[in-house]
Amino acid sequence: QVQLVESGGGLVQAGGSLRLSCAASGRTLSNYAVGWFRQTPGKEREFVAAISWNSITTNYANSVKGRFTISRDNAKNTVYLQMNSLKPEDTAVYYCATSSFPATSYQRYGGWGQGTQVTVSS
């Protein structure tokens, strides 16, 4: 499995933007679909967005559709999550992981990173 490292989280006011990065080490990311998930204490990991290895297919949770954009740069071995119009309910630890296809279930993914905290203040 590819090991992943998330970055780009932080504290932002509601309505603001952040861009998260998911970088791979050890192996190329270009052979894998990549998904972003988020989790808050006491809750199950929640699907956010996913992208196929060739960027042709993307999936989004309804709660982020129109606000978040997932993209990838295989030359840089990195996947991004552009988050706009952030809301307090987007506050969570965000994780990325790899899969063979852009699934919405976290059980289909592996190689999880350590996560990056996103906090949106009202």
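Values below: all heavy atoms of this structure, side chains included; hydrogens, waters and symmetry mates excluded.
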Should [X] and [Y] count as side-chain neighbours, where that means a heavy-atom distance under 4.5 Å?
X	Y	answer
Ser100	Arg108	no
Arg27	Tyr32	yes
Thr116	Leu20	yes
Val12	Met83	no
Arg72	Val34	yes
Val5	Gln114	yes
Gln82	Ser17	yes
Thr91	Thr40	no

Do you know which two heavy atoms are closest between [X] and [Y], and how far apart they sit?
X	Y	answer
Pro88	Ala14	CD-CB, 4.1 Å
Ala103	Ala50	O-CB, 3.8 Å
Ser52	Asn54	OG-OD1, 2.8 Å
Thr78	Ser21	CG2-CB, 4.2 Å
Asn77	Leu29	OD1-N, 2.6 Å

What's the spacing between [X] [atom1] and [Y] [atom2] if we round to 0.5 Å?
X	Y	atom1	atom2	result
Ser63	Asp90	OG	CG	7.0 Å
Gln13	Ser121	CD	OG	5.0 Å
Phe101	Ile51	CZ	CD1	15.5 Å
Thr28	Asn74	OG1	CG	6.5 Å
Asn59	Ile70	CG	CD1	9.0 Å
Gln117	Arg38	CD	CZ	12.0 Å

Just checking Arg67: does its CZ atom have more than 12 heavy atoms from other residues, nucleotides or ligands closer to it than 6.0 angstrom? yes
Taking Trp112 as the fixed residue, which of Glu6, Gln3, Arg45 is the one that meets the side chain to side chain contact (heavy atoms under 4.5 Å, CB included) rule? Arg45
Please say yes or no: joined through hydrophobic side-chain contacts below 4.5 Å, possibly via intermediate residues, are Val93 and Tyr109 part of one cluster? yes
Does anything in residues 39-71 form a ring pair (Phe, Tyr, Trp, His ring centres under 6.0 Å)? List the pairs, not counting sequence neighbours. Phe37-Phe47
Under the disulfide bond (SG atoms under 2.5 Å apart) definition, can you give me all pairs with a residue in residues 72-116, not counting sequence neighbours? Cys22-Cys96
With side chain to side chain contact (heavy atoms under 4.5 Å, CB included) as the criterion, how do Glu44 and Tyr106 come out once you've worked through the C-alpha distance, each side chain's angles and the decisive distance to 0.1 Å? CA-CA 10 Å; Glu44 198 169 82; Tyr106 71 88; 3.8 Å; yes
Looking only at side chains, do Arg19 and Tyr80 share a donor and an acceptor under 3.5 Å apart? no
